[in-house]
Amino acid sequence: MYCLMCGKLIEEGNWKDVLFSEDPLCQECRQQWNKKKIHFHLDGVNVNTDYVYNAAFSSALIQFKECGDEALKDVFLYEVKKKIQRKYKGYTICFMPSALEKQKLRGFNHLEEMYSCLHMPMIDPFMKTSSESQKQLPGYLRRNMVHEIALKSGIVLPKKCLLVDDTITTGSTLKGALHCLNQQVKDIEIYCVSANETWI
Ligand SMILES: [Zn+2]
């Protein structure tokens with residue numbers, strides 16, 4: 001097996017590589033990720049993350065999202081998969097929206113790929129409202145759309161929502177999603193694989 005980031009043959013690595021050989025990353029690449037549990041609140045909702053967003057995490061994410069390297073999809077939750085399945089049993093995963101143009105270019109929903117390894121129920125309830133389409137809305141509606149995110153029409157919301165993203169930077173999209181759910185869902189949790197170090 002070859003490391004998906006650096007291309008090194010993993011079996012030829014050290015004994016740790018062989019022992020943990022199911023990891024699609026070699027030990028060297030994995031060690032560059034800053035694994036650190038961070039817990040905080042966003043508008044009163046629990047947020048859990050497992051990595052600090054750093055250069056190594058960022059380049060894996062870019063290679064996956066922007067270069068369309070779908071093989072990397074299992075790299076992100078590999079070390080925390082079982083923990084998440086246990087912690088959020090009974091929840092339905094709700095993806096944060098990407099800008100539609102970006103997703104079209106990409107040809108796949110990167111969060112769906114990333115979280116599919118959990119085998120949990122998943123829905124894609126939100127959409128980004130581009131600033132262009134917002135301009136056509138009447139003013140009173142536009143003022144409500146501070147976060148450029150809306151619920152898709154006809155979405156049936158689950159009782160327990162786990163809002164997920166790859167990383168949390170300012171939290172504004174997540175805040176927008178919470179705003180959309182607006183009392184309709186009582187049980188909400190947030191999980192992001194990584195967090196910007198300002199959240200520590
Ligand atoms: Zn490597």
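Atoms within each ligand, like the ligands themselves, are counted from 1 in listed order.
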Participant: Could you check Thr167, Val164, Asp166, Leu174 and say which one makes a side-chain contact (heavy atoms from CB on, under 4.5 Å) with Cys192?
Facilitator: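 Of the listed residues Thr167, Val164, Asp166, Leu174, the side-chain contact (heavy atoms from CB on, under 4.5 Å) partner of Cys192 is Leu174.
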
Participant: Got a donor-acceptor contact below 3.5 angstrom from the Lys65 side chain to the His110 backbone?
Facilitator: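 Not a single qualifying donor-acceptor pair exists.
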
Participant: Show all protein N/O/S atoms under 2.8 Å from the Zn ion (ligand 1), or state that there are none.
Facilitator: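 Near the Zn ion (ligand 1), below 2.8 Å, one finds Cys3 SG, Cys6 SG, Cys26 SG, Cys29 SG.
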
Participant: Within a radius of less than 6.0 Å around NZ of Lys37, do more than 12 heavy atoms belonging to other residues, nucleotides or ligands occur?
Facilitator: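 Counting other residues, nucleotides and ligands, NZ of Lys37 stays at 12 neighbours or fewer.
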
Participant: side-chain contact (heavy atoms from CB on, under 4.5 Å) with Asp165: which of Leu111, Thr49, Val193, Ile190?
Facilitator: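 So, applying the side-chain contact (heavy atoms from CB on, under 4.5 Å) to Asp165 and each of Leu111, Thr49, Val193, Ile190, only Leu111 qualifies.
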
Participant: So, Phe76 versus Tyr115, ring centres under 6.0 angstrom or not?
Facilitator: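 No, they do not, as the ring centres are separated by 6.0 Å or more.
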
Participant: Looking at Leu162, Ile93, Val47, which one forms a side-chain contact (heavy atoms from CB on, under 4.5 Å) with Tyr191?
Facilitator: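 So, applying the side-chain contact (heavy atoms from CB on, under 4.5 Å) to Tyr191 and each of Leu162, Ile93, Val47, only Leu162 qualifies.
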
